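A quick note: this is a predicted structure, and the numbers were derived from the prediction, not measured. The basis for the numbers below is simple: all heavy atoms, side chains too, and nothing from hydrogens, waters or symmetry mates.
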Amino acid sequence: MATIAIAGVEKSFGDTTVLSGIDIDIADGEFISLVGPSGCGKSTLLRILAGLESSDSGSISICGKPVDGLRAADRDLAMVFQSYALYPHLDVAANIAVPLRMRRLSTMGRLPLIGPLLPGSKVVNRTIADDVRIAAKAIEIDHLLSRKPGQLSGGQRQRVALARALVREPAAFLLDEPLSNLDAKLRVSARAEIAALHRRLGATFVYVTHDQVEAMTMSDRIAVMMNGRILQCDTPRAVYAAPAHKSVAEFIGTPKMSIIDGASLPGSQQGWVGLRPEAIEIARPAANDDLLAGTVTHMEDLGHEGLVHATLKTGETIVARTNPSAAREARVGELLRFSADMRQAHHFDSQGWRISPAPAALASDVDEPTKQLAHV
Ligand code: ADP
Ligand code: MG
């Protein structure tokens with residue numbers, strides 16, 4: 001069990017600044033995701049946490065103790081990589097046993113022919129085999145122990161990598177995109193398995209992903225990273241409901257939030273207005289308010305809902321969530337009128353930061369059920 005404190009961590013590779021001042025306090029037993037686009041510095045931060053990479057400045061503490069001088073092996077953390085890093089010539093049992101053999105056997109004891117003959121090695125090898133079986137059972141791969149990685153599916157390999165981390169009983173698990181090699185359907189079930197494993201173990205998990213859905217569905221908190229900075233660190237609910245920055249708003253949520261230049265909206269100020277698809281709909285024919293006029297570029301009928309994508313005269317794109325039949329009826333190139341529920345609007349200043357307190361929240365005092373967005 002472990003608390004992890006990351007304070008002022010900075011890292012550059014040559015002239016390229018990859019991390020510029022990262023601070024995160026992770027609670028004992030928390031599941032926290034580092035999420036952000038590819039190249040934003042997630043893996044670098046995780047590798048610094050693990051001790052596989054050094055930082056230029058700042059400090060990492062685990063359970064209140066600085067670990068900056070400690071080697072990776074002495075940090076009591078287990079890392080699961082995207083590639084799984086399994087040894088192809090070893091069977092599953094031997095792969096899972098690697099960290100235990102490293103820790104419990106001497107260099108001599110690990111030798112294939114001499115090792116087993118050394119005094120005491122029989123007992124140690126038996127406890128290693130027992131621990132491997134327990135970990136394999138926990139991850140439900142105990143029937144695969146004698147297979148080689150080449151004889152396993154992607155999902156099974158991912159479980160072997162998890163079991164190899166689990167067997168060490170680490171204070172915390174660090175996972176770097178562990179599901180990104182799985183197909184979409186398997187990813188959904190693997191997500192549930194990792195979340196269940198976290199609940200069962202109660203250990204601290206730091207989970208790196210570029211997939212916002214993974215982060216949203218598994219985590220106690222998510223830290224949204226862009227260009228080497230944490231823009232927001234909060235519960236999935238809070239990040240979705242009140243994104244701290246326009247970039248966070250666009251990254252979290254599918255389909256992404258429509259962002260309209262505030263200057264192009266009557267009565268609006270400088271900065272940006274953000275509307276999620278559920279806040280935009282195709283206007284009823286009878287409506288005579290000034291509405292958003294947009295040319296349809298793309299429709300999606302997902303069965304339970306429809307999505308209509310359109311481009312405004314200003315060139316900005318919007319997405320409306322509709323019923324499936326409305327999406328089917330829309331035609332590419334057709335000019336449609338959309339209405340927006342401004343009570344659900346998010347407002348950002350010209351630098352992209354959320355304007356707080358949110359005008360959207362204050363607007364709930366307005367009498368009419370839907371305050372339409374006026375737009376020419
Ligand atoms: P992410 O995991 O978010 O995709 P990374 O942490 O892997 O991002 O990389 C962040 C940036 O740092 C990228 O631009 C990458 O090219 C660069 N980078 C990572 N590792 C090295 C390295 N060892 N040497 C030089 N540049 C690196
Ligand atoms: Mg990465």
Side-chain angles (χ1 to χ4, degrees), residues 1-2 4 28-29 46-47 49-54 60 62-63 65 67-176 178 193-194 196-198 200-206:
M1 303 285 250
I4 300 174
D28 185 24
L46 205 67
R47 290 172 58 80
L49 201 51
L52 299 171
E53 189 84 67
S54 61
I60 309 269
I62 298 174
C63 295
K65 291 193 202 79
V67 296
D68 304 301
L70 289 186
R71 296 179 311 148
D74 299 327
R75 291 196 182 191
D76 198 17
L77 304 170
M79 188 143 166
V80 177
F81 298 93
Q82 176 178 354
S83 61
Y84 311 144
L86 302 177
Y87 297 101
H89 60 290
L90 298 180
D91 66 16
V92 167
N95 263 288
I96 298 173
V98 166
L100 297 182
R101 290 173 60 82
M102 296 301 285
R103 191 184 294 176
R104 296 183 192 169
L105 293 171
S106 63
T107 313
M108 286 282 274
R110 293 201 292 270
L111 293 176
L113 294 174
I114 304 166
L117 304 175
L118 294 179
S121 70
K122 214 175 193 166
V123 177
V124 177
N125 278 313
R126 201 177 314 128
T127 56
I128 288 176
D130 287 345
D131 289 352
V132 165
R133 250 193 309 277
I134 292 167
K137 206 165 167 53
I139 311 270
E140 293 172 15
I141 49 167
D142 38 335
H143 59 297
L144 302 175
L145 285 173
S146 54
R147 294 227 199 137
K148 297 275 173 64
Q151 300 168 298
L152 302 175
S153 70
Q156 290 169 333
R157 271 181 232 160
Q158 186 261 330
R159 289 183 190 200
V160 175
L162 266 179
R164 189 177 53 184
L166 189 68
V167 78
R168 298 176 49 183
E169 298 180 6
F173 289 83
L174 311 182
L175 302 103
D176 192 351
E193 274 173 28
I194 290 179
L197 183 67
H198 171 251
R200 212 158 60 233
L201 299 175
T204 309
F205 276 52
V206 185

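For Arg164, the salt bridge (charged side-chain N to carboxylate O under 4.0 Å, His left out) test picks out no residue, with sequence neighbours left out. Legend: residues meeting side-chain contact (heavy atoms from CB on, under 4.5 Å) with Ile134, ordered by chain and number and at least two apart, are Asp131.
Rounding to the nearest 0.5 Å places CG of Asp176 at 6.5 Å from CD of Gln82. With rounding to the nearest 0.5 angstrom, the CZ atom of Arg110 is 13.5 Å from the CD1 atom of Ile114. Here the CZ atom belonging to Phe81 is positioned 10.5 Å from the CG atom belonging to Leu175, to the nearest 0.5 angstrom. For the atom pair Leu118 CG and Leu105 CG, the distance stands at 9.0 Å (nearest 0.5 Å). Taking CG from Leu52 and CE from Met79, the interatomic distance works out to 6.0 Å, rounded to the nearest 0.5 Å.
A donor-acceptor distance shorter than 3.5 angstrom exists from the side chain of His198 to the backbone of Ala203, with no hydrogens or angles considered. Using modelled atom types, one side-chain atom of Arg200 and one backbone atom of Ala138 make a donor-acceptor pair closer than 3.5 Å. A donor-acceptor pair under 3.5 Å is formed between the side chain of Arg157 and the backbone N or O of Leu152. Panel note: side chain Tyr84, backbone Pro178; a donor-acceptor pair is recorded below 3.5 Å. Within the 3.5 Å criterion, the main-chain N or O of Gly115 finds a donor-acceptor partner in the side chain of Ser121.
With contacts defined as side-chain heavy-atom distances shorter than 4.5 Å, the pair Leu162/Ile194 qualifies. Taking 4.5 Å as the limit, every side-chain heavy atom of Leu166 sits out of range of all side-chain heavy atoms of Ile96. In this structure, the side chains of Ile4 and Val206 come closer than 4.5 Å at one or more pairs of heavy atoms. Side-chain contact between Pro149 and Asn95 is present, with at least one heavy-atom pair separated by less than 4.5 Å. Looking at Lys148 and His89, their side chains never come closer than 4.5 Å, going by heavy atoms from C-beta outward. Contact of the Ile128 side chain with the Arg101 side chain is registered, since non-hydrogen atoms from C-beta on lie closer than 4.5 Å. No side-chain heavy atom of Phe173 sits under 4.5 Å from any side-chain heavy atom of Leu197. Using a 4.5 Å cut-off on side-chain heavy atoms (C-beta onward), Arg147 and Gln156 make contact.
Between Thr127 and Arg104 the shortest heavy-atom distance is OG1-NH1, 3.8 Å. Nearest heavy-atom pair, Ala165 versus Pro170, reported as atom, atom and distance to 0.1 Å: O-CD, 3.5 Å. Ala163 approaches Ile141 most closely through the heavy-atom pair CB-CD1, 3.9 Å. Across all their heavy atoms, Pro112 and Pro116 have their closest contact at O-CD, 3.3 Å. In plain terms, the two heavy atoms of Asp28 and Ala2 that are nearest each other are OD1-N, 2.9 Å.
Leu111 CG: more than 12 foreign heavy atoms inside a 6.0 Å radius. More than 12 heavy atoms of other residues, nucleotides or ligands shown are found within 6.0 angstrom of CD on Gln151.
Counting only residues at least two apart or on different chains, the salt bridge (charged side-chain N to carboxylate O under 4.0 Å, His left out) pairs with a member in residues 70-96 are Arg71-Asp74.
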